[in-house]
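Please read the structure below before turning to the comments.
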Amino acid sequence: MTASSTRRTTPARSPLAAAGAIAVAGALLLTGCGDQTNGGKGGSSASGRTSSAPLFSKLPKTIQDKGVIQVGTNAEYAPMEFQEGGDIVGVDPDIAAALAKKLGVTFKFTSGSFDGLITSLNSGRYDVAISSITDTKARQQGLDDKGKKLGPGVDFVDYFTAGTAVYVQKGNPKKIGSVEDLCGQTAAVQHGTTYEQLLQKQSKACTDGGKKKITIESFDNDTEAQTRVKSGGAVAGVNDYPVAIDLARKAEGGKAFEVVGEQVDAGPFGIAVNKDNKQLTSALEAAVSAIIQDGTYKKILDKWGAQSGAIDKAAVNGGK
């Protein structure tokens, strides 16, 4: 999940491959990639935990002592993060598990509403938020889509890239070819996402061009938006490209939806971190770079068919 891209280099546009989900209990601590078991090395104690993990020393002492990074997510976003049999699985949990091996701590995921993740992060409920969050200047600065200051903002450690895609009912009954074709139509979207902002921007372009506005229906979660499109109440939904592709492939065996046009406005996904926690940001940047360099990152994306979102190196606050 940018003000000009999605909740989430222009990637290749090959469809996402089917992937076997590996169950990861949402309440369990993620520490490995693939077989996700408790694997932090080194001894630990409440007052002075140690680890032989290569990047453990880069973490803030408070997290070293806890041995846990609390993660906020919105697990309704396959293949990035979603629940399967009560377990949280997907690209982001697997990446977190790989980071855990480098850092020597565990990542504990808790699912909540997407539009409340950054507020919960800055209130101290979570140490980070990992939920296909597009790194934008507005989010870095704590601004809403109108430029109003809402909070202190967050820092991002960028680890993936994706653009926006339009999906419709299978067969495309309204012959939608792109977001520009939504003038005068109803579109469904998840509230608080950057692709909601994309629809708002496009609706203004419609009226500025003498066409009818887009009727934007915003929902608390992406599943509700999908249901609206499936029922015909909305002619299209707008989502991140990898999510839209996964939805088209899997919903009702590929018979419910299709993606139209090309993805647009590609932007980076970032791990959100409180601006006061620069040491954690630096440690996560080093860990993301490490899993890219050793090939673990590529294996994770290959597993989930998400190769189109690969980046070459980690970055901090690379969004526009």
Does any N or O in the side chain of [X] come within less than 3.5 Å of the main-chain N or O of [Y], such that one atom is a donor and the other an acceptor?
X: Gln64; Y: Leu59; answer: yes
X: Ser131; Y: Ile133; answer: no
X: Tyr159; Y: Pro268; answer: no
X: Asp158; Y: Ala314; answer: no
X: Ser111; Y: Ala75; answer: yes
X: Thr106; Y: Gly67; answer: yes
X: Ser203; Y: Gln200; answer: no
X: Asp181; Y: Gly177; answer: yes
X: Ser218; Y: Gln190; answer: no

Minimum heavy-atom separation for [X] and [Y], please, with both atom names.
X: Ile88; Y: Pro93; value: CG2-CG, 3.8 Å
X: Leu121; Y: Tyr126; value: CD1-O, 3.4 Å
X: Leu117; Y: Ala129; value: CB-CB, 4.3 Å
X: Phe160; Y: Pro242; value: CE2-CG, 4.2 Å
X: Gly153; Y: Asn122; value: O-ND2, 3.4 Å
X: Ala244; Y: Val259; value: O-CG2, 3.5 Å

(request) Using the rule that two of Ile, Leu, Val, Met, Phe, Trp, Tyr join whenever any of their side-chain heavy atoms come within less than 4.5 Å, decide whether Ile216 and Val179 are in one cluster. (result)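 Same hydrophobic cluster.
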(message) Quick check: is Val91 connected to Ile292 through a chain of hydrophobic side chains (ILVMFWY, heavy atoms under 4.5 Å apart)?
(response)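 Ile292 clusters together with Val91.
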Nearest 0.5 Å, what's the [atom1]-[atom2] distance between [X] and [Y]?
X: Lys213; Y: Thr186; atom1: NZ; atom2: OG1; answer: 10.0 Å
X: Gln293; Y: Asp312; atom1: CD; atom2: CG; answer: 11.0 Å
X: Ile214; Y: Leu182; atom1: CD1; atom2: CG; answer: 5.0 Å
X: Ile95; Y: Glu81; atom1: CD1; atom2: CD; answer: 10.0 Å
X: Asp302; Y: Tyr297; atom1: CG; atom2: OH; answer: 10.5 Å
X: Ile300; Y: Gln307; atom1: CD1; atom2: CD; answer: 12.5 Å

Determine whether [X] and [Y] make a side-chain contact, defined as any pair of heavy atoms from C-beta on separated by less than 4.5 Å.
X: Thr194; Y: Arg139; value: yes
X: Met80; Y: Val243; value: yes
X: Leu198; Y: Asp265; value: yes
X: Thr73; Y: Thr110; value: no
X: Asp294; Y: Lys102; value: yes
X: Cys206; Y: Glu180; value: no
X: Thr164; Y: Val238; value: yes
X: Val166; Y: Ile176; value: yes

(message) As a test of understanding, state which of Leu247, Val168, Ile245 forms a side chain to side chain contact (heavy atoms under 4.5 Å, CB included) with Glu258.
(response)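 Going through Leu247, Val168, Ile245 one by one, the side chain to side chain contact (heavy atoms under 4.5 Å, CB included) with Glu258 is satisfied by Val168 alone.
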(message) Applying the side chain to side chain contact (heavy atoms under 4.5 Å, CB included) criterion to Leu280, which one of Val157, Ile63, Asn274 satisfies it?
(response)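 Among Val157, Ile63, Asn274, the one that satisfies the side chain to side chain contact (heavy atoms under 4.5 Å, CB included) with Leu280 is Ile63.
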For residues 281-291, which side-chain donor-acceptor pairs fall under 3.5 Å, sequence neighbours excluded?
{"residue": "Thr281", "atom": "OG1", "partner": "Asn277", "partner atom": "O", "Å": "3.3"}
{"residue": "Ser289", "atom": "OG", "partner": "Glu285", "partner atom": "O", "Å": "3.2"}

(message) Go through it in stages, so that I can follow the logic: the residues are Lys230 and Glu252, the test is salt bridge (charged side-chain N to carboxylate O under 4.0 Å, His left out), and I'd like the CA-CA distance, side-chain angles, deciding distance and then a yes or no.
(response) CA-CA 11 Å; Lys230 181 180 175 181; Glu252 295 186 5; 2.3 Å; yes
(request) List the steps and the verdict of ring pair (Phe, Tyr, Trp, His ring centres under 6.0 Å) for Phe257 and Tyr167. (result) CA-CA 7 Å; Phe257 302 105; Tyr167 67 93; 5.4 Å; yes
(message) With a 4.0 Å cut-off on N to O distance, would you call Asp144 and Lys149 a salt bridge?
(response)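 No, no charged N to carboxylate O under 4.0 Å.
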(message) Does Asp222 form a side-chain hydrogen bond (donor to acceptor under 3.5 Å, both in side chains) with Gln226? I'd like the steps, not just the answer.
(response) CA-CA 6 Å; Asp222 196 56; Gln226 295 169 19; 2.7 Å; yes
(request) Go through the steps for Ile271 and Leu99 under the test side chain to side chain contact (heavy atoms under 4.5 Å, CB included), then give the verdict. (result) CA-CA 12 Å; Ile271 301 171; Leu99 299 179; 3.9 Å; yes
(request) Please determine, by modelled atom types, if Tyr77 and Asn239 share a side-chain donor-acceptor pair under 3.5 angstrom. (result)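 Indeed, the side chains of Tyr77 and Asn239 share at least one donor-acceptor pair under 3.5 Å.
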(message) Under 3.5 Å, is there a donor on one side chain and an acceptor on the other for Thr223 and Glu76?
(response)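 Glu76 and Thr223 do not have a side-chain donor-acceptor pair below 3.5 Å.
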For atom [atom1] of [X], decide whether the heavy atoms of other residues, nucleotides or ligands shown that lie under 6.0 angstrom number more than 12.
X: Lys174; atom1: NZ; value: no
X: Asp220; atom1: CG; value: no
X: Lys146; atom1: NZ; value: no

(message) Set out, in order, the CA-CA distance, both residues' side-chain angles and the distance that settles side chain to side chain contact (heavy atoms under 4.5 Å, CB included) for Phe114 and Thr193, then state yes or no.
(response) CA-CA 8 Å; Phe114 180 77; Thr193 58; 3.9 Å; yes
(request) Report the C-alpha distance between Asp135 and Gln140 in whole Å, list the side-chain angles of each, state the deciding distance to 0.1 Å, and finish with yes or no for side-chain hydrogen bond (donor to acceptor under 3.5 Å, both in side chains). (result) CA-CA 7 Å; Asp135 172 6; Gln140 293 169 24; 2.6 Å; yes
